[in-house]
Amino acid sequence: MNLTDINEIRALLARHNFRFSKSLGQNFLTAAWVPEDIAAAAELDEGAGVLEVGPGIGCLTRELSRRAGKVVSVELDRALQPILAETLTGCENVEVVFGDVLKQDLPALAEETMPGLRHVVCANLPYNVTSPLLTAFIEAGCFETITVMIQREVARRICAPPGTADYGAFGIFVQWHMETELLFDVPPSCFIPQPKVTSSVIRLHRRSEHPAAVEDEKLMFRLIRAAFNQRRKTLVNAVSSQVPGVTKEEMEKVLQTLGFDTRVRGEVLDIGGFAKIANEISAGKSTDL
Ligand code: SAM
């Protein structure tokens, strides 16, 4: 069966009385090159164990199965069970787990289902939960690479450099842990039903070290969130109005000590800049004691 042929997909879904769920972000691929190129981008081999989120009817799952040692695919919609039983017949290295991927203990799942393999994520994500999913994959700490298709706007934000309109707190969080690459776009015409937005495939590689040394990571991310919550304000005003215990005078002194303009806005600072500022605040607090 050709799982990206629109007529075959329609016949398969009709045979199983399947109804698309918008709330589960169900937009299935209908162009063969897309699952092929996503799976190729994940750089798989026999040593790779892939976690996929949402196999749908299994078109990307089958591509992953051809290239990896093992594929574990977590699907929330049980209505897809009889369909996947049919479409994944013969894919011996695929295990489908029914449940909410956000409720799984991901390191334990990867270790139990794919022991001895290098763990990676590859998926066409449900777009409405992109940020919680990426956060969970990154915080799980066990995935070397994450290759996913997501909404183009979100992909741009994740990969954005400082000083651009797309640069923000979530992108900095991702870039703190992972090297980011924006790979290619996929138009709405490649899906059923067609989404309203263009999609992009990104690849994230886990960094062996964070891009800067920071004493208090929590404080640094508090500064970053404050800066981008009020991105039109100067960093001094944004931080002193939102981060308890950091005054305007203290922030001005910190920026002066580090040689930054005291009217600087957070959106132009790179991660190294935020790390330096957080370290200077921490140093000030410890000498105060
Ligand atoms: N992989 C298929 C493809 O590319 O055609 C389907 C991708 S579709 C964009 C997203 C899939 O994720 C759907 O099958 C949906 O049911 C599933 N899904 C949505 N939320 C989920 C969750 N929290 N946990 C597991 N699967 C989920």
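Counting starts at 1 for both ligands and their atoms, following the listed order.
By the 3.5 Å distance cut-off applied to N or O atoms, Leu29 is counted among the residues near ligand 1.
Of all atoms in ligand 1, numbered sequentially from 1 with element shown, those under 4.0 Å from a heavy atom of Cys59 are 5 (O). Less than 4.0 angstrom separates some heavy atom of Gln26 from each of these atoms of ligand 1: 13 (C), 15 (C), 16 (O). The atoms of ligand 1 that sit less than 4.0 Å from any heavy atom of Asp100 are 22 (C), 23 (N), 24 (N). The atoms of ligand 1 that sit less than 4.0 Å from any heavy atom of Gly99 are 24 (N), 25 (C). Residue contact check: Glu52 has heavy atoms under 4.0 Å from atoms 1 (N) of ligand 1. Close approach of ligand 1 to Gly25 is summarised as follows: ligand atoms under 4.0 Å from at least one heavy atom of the residue are 8 (S), 9 (C), 10 (C).
In this structure, Arg265 contributes its side chain and Ala227 its backbone to no donor-acceptor pair below 3.5 Å. The closest donor-acceptor contact from the side chain of Glu52 to the backbone of Gly58 lies at 3.5 Å or more, if one exists at all.
Looking at Asn27 against ligand 1, only its backbone comes within 4.0 Å, counting heavy atoms.
In terms of heavy atoms, Ser240 sits closest to Thr247 at CB-C, 3.8 Å. The two atoms that bring Pro195 and Pro188 nearest to each other are O-CB, 3.3 Å, heavy atoms only. The shortest heavy-atom contact between Leu60 and Pro35 is CD1-O, 3.6 Å.
In this structure the side chain of Leu3 never reaches within 4.5 angstrom of the side chain of Phe28, judged on heavy atoms. In this structure, Ser200 and Leu182 have side chains that are in contact, with non-hydrogen atoms separated by less than 4.5 Å. Side-chain atoms of Trp33 and Val186, non-hydrogen and from C-beta on, do get closer than 4.5 Å to each other.
The protein heavy-atom contact nearest to atom 11 (C) of ligand 1 is Gly54 CA, 3.5 Å. For atom 19 (C) of ligand 1, the nearest protein heavy atom (residue, atom name, distance) is Leu24 O, 3.1 Å. For atom 16 (O) of ligand 1, the closest non-hydrogen atom of the protein is Glu75 OE2, 2.5 Å. Closest protein heavy atom to atom 24 (N) of ligand 1: Val101 N, 3.0 Å. Atom 27 (C) of ligand 1 has Leu76 CB, 3.7 Å as its closest protein atom, hydrogens excluded (heavy atom only). Nearest to atom 2 (C) of ligand 1 among the protein's heavy atoms is Pro55 O, 3.3 Å. The protein atom (non-hydrogen) at minimum distance from atom 20 (N) of ligand 1 is Pro126 CG, 3.6 Å.
A salt bridge links Arg66 and Glu63; the closest N-O separation between the charged side-chain nitrogens and carboxylate oxygens is under 4.0 Å. The residues Glu179 and Arg203 are annotated as not salt-bridged, no charged nitrogen and carboxylate oxygen being separated by less than 4.0 angstrom.
Contact analysis puts Val74 in contact with ligand 1, with a non-hydrogen atom separation below 4.0 angstrom. By the 4.0 Å heavy-atom criterion, Leu125 is counted among the residues contacting ligand 1. Ligand 1 does not have Pro35 within reach: every non-hydrogen atom of the residue lies 4.0 Å or more from it. Within the 4.0 Å heavy-atom shell around ligand 1 one does not find Leu102.
Ring centroids of Phe274 and Phe221 are separated by 6.0 Å or more, keeping the two rings apart.
For Glu252 and Thr262, the side-chain atoms include no donor-acceptor pair closer than 3.5 Å.
Of the listed options Val53, Leu84, Asn124, Asn124 places a heavy atom closest to atom 3 (C) of ligand 1.
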